[in-house]
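To start, the structure itself, in structure tokens.
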There are 2 protein chains.
Amino acid sequence: MSESHMDIKETNILDGLHLSAIAKYQQNSNHLSCLGLVDQVAQVLIEKILNGDIKGGSRLNEEHLKNEFGISRTPLREAFRILDKNGLVEVRPRKGVFVKSITKKDIQDNFPVRANLEGLAAALAYPNLTKTDIQQMEEALQLMRQSAQNNDFYAYTGNHKDFHEIFIHSSKNAVLIGMLNTLRMHTLWHRYTFQYYQQDFEESLALHQQILDLFKSRNTPLTELETLVRHHIEIAMDPFLTAMDKLENASD
Amino acid sequence: MSESHMDIKETNILDGLHLSAIAKYQQNSNHLSCLGLVDQVAQVLIEKILNGDIKGGSRLNEEHLKNEFGISRTPLREAFRILDKNGLVEVRPRKGVFVKSITKKDIQDNFPVRANLEGLAAALAYPNLTKTDIQQMEEALQLMRQSAQNNDFYAYTGNHKDFHEIFIHSSKNAVLIGMLNTLRMHTLWHRYTFQYYQQDFEESLALHQQILDLFKSRNTPLTELETLVRHHIEIAMDPFLTAMDKLENASD
DNA sequence: CAAGGATTGACTGTCGACAATTTAGTTGTC
DNA sequence: GACAACTAAATTGTCGACAGTCAATCCTTG
């Protein structure tokens, strides 16, 4: 912590840790700078937003962030465009970039689309699934059970994510994978809320076991698989919405 | 038409019209510059790519484009990010930005996803449809018939686009609308190919009439509507692929 | 003559500064 | 006392320049 001159109020969006980290990587290692300073900055900002360190609705001030990161405004502005591409911020010309805050409407719009696309992904993946894929999903489901037993909601979310990503990836449809990445990022936006989101593990686990069984079975009708996957996401929306409600009311 | 000074070689990626147009707008009118120079440049580039004026695979040289537009590289680079967001180019760090060229795999990935999402859009739109919506779709279908009679493939594509956009918009799902915009842009990428794309008007017209009938009917089951819309896009893929084949072979 | 390395040229990445615009605060008038 | 116009500070938009990197070409050497 060489920044001794910073009595930074915690109103600062970014703490000093990441900026020095970036500066170090920038100087020392070449291969990381090959990844592009822009992408590094974007990655840090994405993390910050997803973890809730940067609150929704807040404005990303170029001048401040420039100083925080110790870089110029040019790569910063391009990083903003990446955030925009991922739907995390809104770029209002001559006004600045604003972190989007998730509303109920966003969730109500997001879930049906994601449900549909993951259903499609499952159907497309079914003929492609290897033994390794099945095995990995079984492992993921096992970890989900374990996390549920420990009442570790955060870990559960991670395992759940792994489970889904396996068959999404096996769909081998680049367009689909890209869109689901974006959609899932939106949902994970308030990932931290999941820590307080008392999910009904029983139902969720049963459904995922059911899905896995369909994947494992030889002659599963594609429509049945697609419908089930789609359904299991659709019914997850209402609990999510009520969880949002609780959190909103709690912060009042 | 005040641009009388353009004897610009067509080897230029961009002709002089747009750049001078941009410069003019930039000076004269405020409300257009409020739209942001970046967005203007992006819009022009998108048009160029969609119309095929900029070939797929070609590299967008910042230095050249800078001179063409008469602007600096900063807004240009940000415009590139917008193109990237729309999936029209690929940004390779330290290499440059390359216009994506559509492959068969892209089409094979794109159509199923779009079919699924438009099916969902139709189902979501059904309860929201107003008399005006129905009427506009009838008009669009009528224009489609007219264009078909004139063998005007280009106009047909436009009318067809209008027809779809009506119910897509009526889904009132912002996420869905955004994704379909991107997906449809990809398909329209080689919009000019449609001029040579000898579509089977009969089947297409019949299907759209069928869809419109389901929209008009009071008690259409949502699944039936969704399946039909989805199906009518899925079956459009193969003719599109063969059309691509022909075009490829023709250009050899 | 061929292969490997150095060199040069072109291009992208980054930066600091200036210009334009918005916003907030202040002053003046009705 | 309230509203409007003006002013000033803050912030975004744009630009030209420099630095670093990649690639192709040319030269050297075996």
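Since the structure is predicted, the reported quantities are computational estimates derived from the model, not experimental observations. First the proteins, then the strands, lettered A, B, ... as listed; each starts at 1.
Listed in residue order, the members of residues 72-84 of chain A having a heavy atom less than 4.0 Å from DNA chain D are Arg73(A), Arg77(A).
Rounded to whole Å, the distance from CD on Glu63(A) to C1' on dG13(D) is 14 Å. Atom NZ of Lys95(B) is separated from atom C1' of dG20(D) by 15 Å (rounded to the nearest Å). At whole-Å resolution of the value, CD1 in Ile71(B) and P in dT14(D) are 8 Å apart. Across the protein-nucleic acid pair, Arg92(B) atom CZ and dG13(C) atom P stand 12 Å apart, rounded to whole Å.
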Pairwise N/O distances under 3.5 Å, protein to nucleotides 8-10 of chain D:
none

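Identified under the salt bridge (charged side-chain N to carboxylate O under 4.0 Å, His left out) test for residues 163-181 of chain B, with sequence neighbours left out: Lys161(B)-Glu165(B). Listed by first then second residue, pairs satisfying salt bridge (charged side-chain N to carboxylate O under 4.0 Å, His left out) with a partner in residues 108-118 of chain A read Lys105(A)-Asp109(A), Arg114(A)-Glu118(A), Glu118(A)-Arg184(A), not counting sequence neighbours.
At least one side-chain heavy atom of Leu50(A) sits under 4.5 Å from a side-chain heavy atom of Met185(A). With a 4.5 Å cut-off on side-chain heavy atoms, Ile102(A) and Met244(A) count as touching.
Under the side chain to side chain contact (heavy atoms under 4.5 Å, CB included) rule, Leu117(B) has a single partner from Asn173(B), Ile168(B), Leu180(B), which is Leu180(B).
The salt bridge (Lys or Arg N to Asp or Glu O under 4.0 Å) test applied to Arg73(B) returns Glu62(B), not counting sequence neighbours. Residues satisfying the side chain to side chain contact (heavy atoms under 4.5 Å, CB included) test with Glu90(A), not counting sequence neighbours, are Arg92(A), Lys100(A).
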- Message: Test side-chain contact (heavy atoms from CB on, under 4.5 Å) on Ile82(B) and Asp39(B); report intermediate values, then the result.
- Response: CA-CA 8 Å; Ile82(B) 292 182; Asp39(B) 297 86; 4.0 Å; yes
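Relative orientation of the His160(B) and Tyr156(B) rings is parallel, given thresholds of 30° and 60° on the angle between their planes.
For the OP1/OP2 pair of dG16(C) and a distance below 4.0 Å, the side-chain nitrogens and oxygens of Lys66(A) include no atom meeting the criterion.
Side-chain proximity of Leu37(A) to dT12(C), dC15(C), dT22(C): nearest is dC15(C). With dC15(C), dT14(C), dC15(D) as the candidates, the nucleotide lying closest to the side chain of Val38(A) is dT14(C). Nearest nucleotide to the Arg94(B) side chain, out of dG13(C), dT22(C), dT14(C): dG13(C).
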